[in-house]
Amino acid sequence: MWNGWLLLGCCLLPFYIYTQTEAAASQGILLKKIDQPIRIDGLLEEASWFTGRPATDFWENFPSDTTRCPQKTEVYMAYDDNFLYIAAKCFAESNDYIVPSLRRDYRAGGSDNITFLIDPFQDRTNAFVFGMNPYGVMREALISNGGRSTDDWLDEWDNKWKGAAAIQDGFWSCEVAIPFSSIRFPEGKTRWNFNTYRFDTQSNTRSTWQYIPQNQIIMSLGYMGEMEWETPPTYTGMPVSVIPYITGGVEKNHEDGLPEAYRFNVGLDAKIPVTTGLNLDLTANPDFSQVEVDRQVVNLTRFEIFLPERRQFFLENSDLFSTFGSETANPFFSRRIGIATDENDEVFSTPIYYGARLSGKLDNNWRLGLLNMSTANDFENGLPAYNYTVAALQRKVFARSNAGFIMVNKQALEKIGADTIGLYSTYNRVVGLDYNLASSDNKWIGKTWMHRSFSPDATDNATSQGANISYRERRYAFALGQQYVGEGFNAETGFVPRTNFWRLSPDFEWFFYPKKGKINRHGPGINTDFIWTPGLGSSDRTLRLSWRFNFTDNGFLRFSAVDEYIYLLDAFDPTGTDATPLPGQQGYHYRFLSAEYSSDNRQRFTFFVEPTIGQFFNGMRYGAFTSLGYRLQPYGLIALNINYNYIDLPDPFATKGLFLIGPRIDLTFTKSLFLTTFLQYNEQAENFNLNMRMQWRFAPVSDFFLVFTDNYNTLDWQVRNRAVVAKLTYWLNL
């Protein structure tokens, strides 16, 4: 345990060494209040746009990060009693812009676009994101945790705002109007944080208003300028938003020979502003039938694979609840709500009766999150109804760091049947403290945590503890992580794929920047992971040596050599196909080689390939993952993912080829009508899945969905189950 507190001291020390002094920022954007409305058509014809001070002289972030960007970008702002207005003029070499599709919430890479990051509370930890491309396609998102990684980007967040774009001679321009009722902000403040970044495919440059080093993520909130308001924006009261839905459909379980089941459902979501920074979200009888199916994976490990949350209700301010602990010891994982596992380890879902979430800012330093949900029982599986309560409190510390507390309570509302009393618990609780470190310039990042679980069958060692620290400089980066998860730690509403281990993970990378040629950056890396099991000693270790090349055309190439050791405590079949398992209580030491190559994502045809060859446990593995994509600009994308693993183990163990093939056709007929067809053939799961989803956005944040799903057993190609569902949602401001 002392190792964790020692590493905590290491986390805090650089903070005091490097802290709170910020580099001098350029003059901020000046916003003047206007009394004439602006027509949102993308043309910037109103004189109101030019009354303040714009953002100009962007810094180049790629391919270089040492000069101003030669491709000019100008950002203008204004406001009135109801709207924040933002406009941009993006100059380019020609009008040959890349716009992969017309779907909202596009990805920035490989396309022309501009993105605006707004941090009203100036905490450089959370921000609202709004973006636009030359065809007027909009995107919005939330950034949490300082924008340290792509995991902090939440593009499932939706809200009402207006935007338009226009392609003109030598540049494209856009205008957006963001209602003050759509964002949370402090009253009386005349300064907010702001930054913006642009992707220009013709010059192959990425640029930012505030300078961001190339080895930092471009959405980092550690590098922000300021918006200076002539007078504070007025809080006139935020509307109560009500989002009712109605859904109907038919489904049939062919595998079990059940008759057709018809379903009809109605429900309601509501957003109620409590203060300018705090919001109450309510849901009654929620339905998530329109959520896209998970991407299947080939799992060659002994542990559960993490699949991200996609349900809309759980997403806003989700970082308040879901970022405690680590990826392998998370005390709260919202996908556990409404999901359970039967005695055969088969996953099934249960209806959610209601949910309530109060979340957001109390003031500049405090954030609060309260969540309460109740689920129905399932008599067939012996599952009782449960209530879930989560409370999280976060306090800003120093420039961008924070300390947080979390409490998770899962409580059975009914008596558990005698035949399932060992499968389902009457209650499960976790409490914990976290400290998240982020230096002012984002070079130092780290965290430390201590969590404790409580269950009826309480055992010793019911704690989870860890700490990590990383430092990233232009020429090098290093990281050190330490973790302990006790054998008795039980977070039923969390994600904890394994317990009873100690972990130590040192990593190091070097970076070289050629002055000319096709290589933008390259360098070696050493990644290690050591795991000890109490009473056993060393049980897992991994050493990865790699060399990565980033090219000036946006592609990259990496070669890796891996040395791995795994001690199996229990028998294990690495193919996951119920073949003869490898014996437990035995160690396996093997080595393999792999490579990764990603092509220029600006091209119509793109591809990624990752071959692997070498030893695997007591045999061999030959694998390749390939992703192919073709852009039907601007009407969509056709993609094909192929994952093949040939595992050759000596008799009597498995020799097996495992295919996972996933074609995806994403068509955007207009900016409001979309059709996605997703097919997945998974040989490991012996399943073929077809999912077709049509979406018609007939009004802002209001949709009609028509979803068809079909599953087949790949052994005999008999239908397993089939369903058709229609859903209508409408966003109404009261």
Side-chain angles (χ1 to χ4, degrees), residues 22 24-38 40 46-56 75-88 115-130 140 142-144 157 159-163 175-196 209-210 221 223-241 271-280 316-317 359-368 394-396 399-400 733:
E22 299 180 18
S26 61
Q27 268 194 316
I29 298 175
L30 178 62
L31 292 80
K32 293 281 190 176
K33 190 169 185 178
I34 59 176
D35 53 14
Q36 296 294 323
I38 291 178
I40 303 301
E46 295 83 0
S48 299
W49 284 119
F50 311 105
T51 57
R53 184 171 58 241
T56 58
V75 175
Y76 302 87
M77 289 190 184
Y79 70 105
D80 58 23
D81 288 335
N82 300 308
F83 292 94
L84 164 63
Y85 299 100
I86 307 177
T115 301
F116 310 113
L117 281 60
I118 304 171
D119 172 14
F121 289 88
Q122 294 191 292
D123 60 12
R124 294 194 293 163
T125 303
N126 302 276
F128 299 97
V129 179
F130 300 91
E140 70 266 90
L142 299 174
I143 293 177
S144 63
W157 178 68
N159 222 312
K160 280 190 172 183
W161 56 290
K162 296 183 288 187
E175 298 175 331
V176 304
I178 303 168
F180 289 121
S181 60
S182 293
I183 57 177
R184 312 284 173 249
F185 62 92
E187 294 185 72
K189 287 191 64 173
T190 58
R191 291 178 182 270
W192 295 6
N193 280 351
F194 175 80
N195 201 10
T196 176
W209 177 45
Q210 295 298 299
L221 302 184
Y223 304 84
M224 300 288 281
E226 284 192 329
M227 302 162 54
E228 302 174 17
W229 302 78
E230 182 180 31
T231 58
T234 305
Y235 175 63
T236 57
M238 297 182 180
V240 173
S241 299
K271 291 180 175 291
I272 304 171
V274 179
T275 68
T276 56
L278 203 60
N279 195 73
L280 175 63
E316 187 171 357
N317 286 320
S359 61
K361 283 271 194 180
L362 296 175
D363 58 28
N364 281 358
N365 294 318
W366 289 95
R367 297 177 73 209
L368 173 70
Q394 189 181 89
R395 175 64 159 88
K396 181 182 176 184
R400 300 179 58 233
N733 285 336

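All residue numbers refer to positions in the sequence shown, counting from 1. Computed from heavy atoms alone, side chains included, the values below leave out hydrogens, waters and symmetry copies.
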To check you understand the geometry: which heavy-atom pair defines the closest contact between [X] and [Y], and what is its length?
X	Y	answer
V176	W49	O-CH2, 4.5 Å
P54	I29	C-CG1, 4.3 Å
F121	N364	CD2-OD1, 3.4 Å
I34	D80	O-CB, 3.6 Å

Got a sec, which residues hit side chain to side chain contact (heavy atoms under 4.5 Å, CB included) with [X], two or more places apart in sequence or on another chain?
X	answer
T231	K33, Y79
I183	F128, F130, I178, F185, W192
P179	F83, W161, S181, S182
E187	Y235, T276

Partner set under salt bridge (Lys or Arg N to Asp or Glu O under 4.0 Å) for [X], not counting sequence neighbours:
X	answer
E228	R53, R191
D119	none
E140	R104
R395	none

Could you measure the distance from the [atom1] atom of [X] to the [atom2] atom of [Y]? Nearest 0.5 Å is fine.
X	Y	atom1	atom2	value
L221	I143	CG	CD1	5.0 Å
M227	L31	CE	CG	5.0 Å
M224	T196	CE	OG1	10.0 Å
L278	L362	CG	CG	6.0 Å
E175	I86	CD	CD1	11.5 Å
K361	L368	NZ	CG	12.0 Å

## Note on the structure
Sequence neighbours excluded, the answer for ring pair (Phe, Tyr, Trp, His ring centres under 6.0 Å) partners of Y76 is F50
Partner residues of [X] under the side-chain hydrogen bond (donor to acceptor under 3.5 Å, both in side chains) criterion, sequence neighbours left out:
X	result
S48	none
D363	none
K162	none

Student check: side-chain heavy atoms of [X] and [Y] closer than 4.5 Å:
X	Y	value
D81	F180	no
E226	N193	yes
L117	W209	no
N279	R184	yes

### Task
Could you tell me whether D123 and R367 make a salt bridge, using a distance below 4.0 angstrom between a side-chain N and a carboxylate O?
no
### Task
Could you verify whether a donor N or O on one side chain and an acceptor N or O on the other, from N126 and S144, lie under 3.5 Å apart?
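Side chains of N126 and S144: no pair found under 3.5 Å.
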### Exam field: side chain N195 to backbone Y223, donor-acceptor pair closer than 3.5 Å
yes
### Task
Look only at the side chain of R124 and the backbone of R400, and say whether a donor-acceptor pair between them is shorter than 3.5 Å.
no
